[in-house]
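Report on the following structure.
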Amino acid sequence: MKKIMLLGAGELGKEVVISAQRLGLHIIAVDRYPGAPAMQVADEFEVIDMLDGAALETVVKKHKPDIIIPEIEAIRTEKLAEFEKQGVQIVPTAKAVFLTMNRDAIRDVAARELKLKTAQFAYAESLDELVVASKKIGFPNVVKPVMSSSGKGQSVVKSAADVKAAWNYAVEGMRGDKKKVIVEEFIKFDSEITLLTVKQKKGPTLFVKPIGHRQERGDYQESWLPARLSATQLKKAQLMAKKVTDYLGGSGLFGVEFFVTKKDIYFSELSPRPHDTGMVTLGSQNLTEFDLHLRAVLGLPITEIIYGQPTASAVILADREDDTYKVEGVSEALKVRGADIRIFGKPTIRPYRRMGVAIASGKTIDEARKKARLAASRVKIT
């Protein structure tokens with residue numbers, strides 16, 4: 001039985017564990033706080049600060065995993081390179097994890113080495129540098145920490161008067177020990193998509209149908225599959241996704257994000273793991289993004305992805321901070337025809353924390369989105 005160590009035990013990790021256990025794998029879930037969602041279904045768990053290299057080395061030596069799957073950004077990535085040299089499979093590779101967990105590193109690769117079309121961008125490591133970079137890029141622009149998750153620290157800067165607030169907000173939302181931001185040209189896009197790209201150990205690169213999504217505060221609020229894309233736009237996205245994932249190497253599922261305009265398509269970001277917008281695959285197809293990820297990592301065959309009706313997801317958020325809470329309204333939510341609810345079981349709440357998701361199918365994308373939003377609205381975190 002292969003032993004997998006999951007670094008990051010949130011809701012995406014929970015679904016990875018469930019898919020892995022269906023294949024008879026032994027899972028150790030690791031995160032910085034006890035009671036994390038994936039810990040609730042894993043075989044074993046550890047609570048450590050994953051930016052502490054010594055602590056990370058201790059748990060790896062203790063459990064001796066065959067495979068390490070990083071699920072979050074805040075990891076001492078140089079340690080992963082050491083584990084890889086010792087024979088542990090790092091998903092997708094230690095190099096890929098390092099590059100993609102730092103927005104500056106992956107953007108430099110995409111724009112400067114691979115020549116993919118991206119928004120104009122610059123970096124800043126202080127407020128003064130951000131003032132200069134913002135003037136260079138122009139207003140409005142988007143400021144993001146180079147290391148963060150779920151949109152934390154991301155804001156749209158409309159004028160020079162907003163730059164200081166954007167810097168402070170970015171610093172508050174940073175993960176890791178890197179005080180650095182990326183400032184990007186604001187692209188007036190028609191839509192944003194995620195292209196789930198499956199890089200197999202054995203076999204060609206596969207693509208899930210494109211997923212459309214809507215964000216607020218830099219974090220996804222709803223997603224739907226399939227997104228409306230022309231054949232030309234889809235081909236461009238697939239070529240860019242394959243180019244960057246081939247460069248990164250290894251095997252697994254990548255969530256590759258793009259901005260879509262009337263005239264073009266721009267590479268935005270990349271996650272070397274299942275993507276939050278991909279939760280819609282829990283209802284849209286026979287193999288979820290989590291199933292696809294594990295099959296690719298393990299070298300198992302992926303014969304066919306079979307799609308059902310158009311499907312959408314909508315998030316269920318907390319609106320306050322507390323150590324205890326109740327989930328109410330699930331029964332009412334499940335009265336929505338074609339809808340399902342997933343509650344993540346996080347131990348505490350805070351404003352805008354994602355606590356669950358509603359998933360619904362319909363005859364059209366619009367119908368599926370309406371159903372998912374309605375079901376999500378009926379669930380209350382109190």
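All values reported here derive from a predicted model rather than from experimental measurement.
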Side-chain touch L7/L56, heavy atoms, less than 4.5 angstrom: yes

K236 with D264: basic N within carboxylate O range, under 4.0 Å: yes

If you measure only the distance, is there a donor-acceptor pair under 3.5 Å linking the side chains of Q21 and D43? yes

Carboxylate-amine/guanidinium contact E15 R342, below 4.0 Å: yes

E184 with R103: basic N within carboxylate O range, under 4.0 Å: no

Is any side-chain heavy atom of I265 closer than 4.5 Å to a side-chain heavy atom of K117? no

What's the verdict on side chain to side chain contact (heavy atoms under 4.5 Å, CB included) for L298 and L25, showing C-alpha distance, side-chain angles and the deciding distance? CA-CA 11 Å; L298 296 167; L25 304 168; 3.7 Å; yes

Indicate if L12 and Y352 have the same hydrophobic cluster label, given that clusters are the connected sets of ILVMFWY residues with side-chain heavy-atom separations under 4.5 angstrom. yes

Are I182 and F267 connected in a single hydrophobic cluster, I mean Ile/Leu/Val/Met/Phe/Trp/Tyr linked by side-chain heavy atoms less than 4.5 Å apart? no

Should the heavy atoms of other residues, nucleotides or ligands under 6.0 Å from NZ of K243 be counted, would the total exceed 12? yes

Are K370 and E367 close enough for a salt bridge, meaning some N to O gap below 4.0 Å? no

Check: L334 and D340 side chains under 4.5 Å, non-hydrogen atoms: yes

Does a sphere of radius 6.0 Å around CZ in F45 hold more than 12 heavy atoms from other residues, nucleotides or ligands, not counting ones at 6.0 Å or beyond? no

CA sep, side-chain torsions, deciding dist, call: K79, E82, salt bridge (charged side-chain N to carboxylate O under 4.0 Å, His left out): CA-CA 5 Å; K79 276 291 176 185; E82 292 178 22; 3.2 Å; yes

Can we say K346 and E11 salt-bridge, meaning some charged N sits less than 4.0 Å from an Asp/Glu carboxylate O? yes

Heavy-atom count around K3 NZ within 6.0 Å, excluding the residue itself: above 12? yes

Pair E269, I106 - check side chain to side chain contact (heavy atoms under 4.5 Å, CB included), show working. CA-CA 8 Å; E269 294 186 353; I106 189 62; over 6 Å; no

Exercise: do T197 and T245 side chains pair donor with acceptor under 3.5 Å: no

Interatomic distance, T382 atom OG1 to R320 atom CZ [nearest 0.5 angstrom]: 7.0 Å

If you measure only the distance, is there a donor-acceptor pair under 3.5 Å linking the side chains of T311 and S361? yes

Hey, are the side chains of V163 and L127 touching, using non-hydrogen atoms and a 4.5 Å cut-off? yes

Please say whether more than 12 non-hydrogen atoms of neighbouring residues, nucleotides or ligands are located less than 6.0 Å from NZ in K180. yes

Passes side chain to side chain contact (heavy atoms under 4.5 Å, CB included), I4 versus I28? Steps please. CA-CA 6 Å; I4 293 178; I28 307 102; over 6 Å; no

Salt bridge check, E332 against K335: does any charged N sit closer than 4.0 Å to a carboxylate O? yes

Sort out for me which residue in L287, L294, L292 forms a side-chain contact (heavy atoms from CB on, under 4.5 Å) with S19. L294

What's the shortest heavy-atom distance between N286 and D291, and which atoms? O-OD2, 4.0 Å

Main-chain N/O of K201 paired with S251 side-chain donor or acceptor, under 3.5 Å: no

Under 3.5 Å, side chain of Q285 to main-chain N/O of T281, donor-acceptor pair present? no

I'd like to know if M174 and V157 are part of one continuous hydrophobic network [Ile/Leu/Val/Met/Phe/Trp/Tyr, side-chain heavy atoms within less than 4.5 Å]. yes

Between CD on residue E84 and CD on residue Q89, distance to nearest 0.5 Å: 9.0 Å

So do the side chains of H275 and I211 get within less than 4.5 Å of each other, counting heavy atoms only? no

Would T348 and Y33 count as a side chain to side chain contact (heavy atoms under 4.5 Å, CB included) if you check the C-alpha gap in whole Å, the side-chain angles of each, and the deciding distance to 0.1 Å? CA-CA 10 Å; T348 60; Y33 65 95; over 6 Å; no

What distance do S271 atom OG and D276 atom CG have between them, rounded to the nearest 0.5 Å? 7.5 Å

Give the cluster check for F290 versus V208: same hydrophobic cluster or not, with ILVMFWY residues linked at side-chain heavy-atom distances below 4.5 Å. no

If you take all heavy atoms of H213 and E257, which pair is closest and at what distance? CE1-OE1, 3.8 Å

CG/D108 to CG/L99 distance, rounded to the nearest 0.5 angstrom? 9.5 Å

Taking atom NZ of K136 as the centre, report whether more than 12 heavy atoms of other residues, nucleotides or ligands fall under 6.0 Å from it. no

Do side-chain atoms of Q154 reach the backbone of R217 as a donor and acceptor pair under 3.5 angstrom? no

Heavy atoms of other groups near Y123 OH, more than 12 under 6.0 Å: yes

I want to check something: taking the side chain as every heavy atom from C-beta on, are F98 and L80 in contact at a cut-off of under 4.5 Å? no

Hydrophobic cluster identity match, I69 and I90, side-chain contacts under 4.5 Å: no

Atom CG in L196, atom NE2 in H293: separation rounded to 0.5 Å? 11.0 Å

Check the pair R214 / E222 against salt bridge (charged side-chain N to carboxylate O under 4.0 Å, His left out), numbers first and verdict last. CA-CA 6 Å; R214 180 180 63 83; E222 58 174 331; 2.8 Å; yes

In a check of side-chain contact (heavy atoms from CB on, under 4.5 Å) between P70 and each of R273, M5, M101, which one passes? M101

Evaluate K62 against E44 for salt bridge (charged side-chain N to carboxylate O under 4.0 Å, His left out), listing each step before the verdict. CA-CA 12 Å; K62 175 182 174 181; E44 302 178 75; over 6 Å; no

Can you name the closest pair of heavy atoms from A358 and A375 and give their distance? CB-CB, 3.9 Å

Any non-hydrogen side-chain atom of V336 less than 4.5 Å from a side-chain atom of R378? yes

To the nearest 0.5 Å, atom CG of L206 lies from atom NZ of K242 at 11.0 Å

Which heavy atom of M355 sits nearest a heavy atom of I381, and at what distance? CB-CD1, 4.0 Å

Heavy-atom pair of closest approach, residues S313 and Y220: OG-OH, 3.0 Å

Does K2, at its NZ atom, have more than 12 non-hydrogen atoms belonging to other residues, nucleotides or ligands within less than 6.0 Å? no

Taking atom CD of E78 as the centre, report whether more than 12 heavy atoms of other residues, nucleotides or ligands fall under 6.0 Å from it. yes

Looking at every heavy atom in both A296 and K199, which two are closest together, and how far apart are they? CB-O, 3.6 Å

Got Q238 and T205 here, is their nearest side-chain heavy-atom distance under 4.5 Å? no

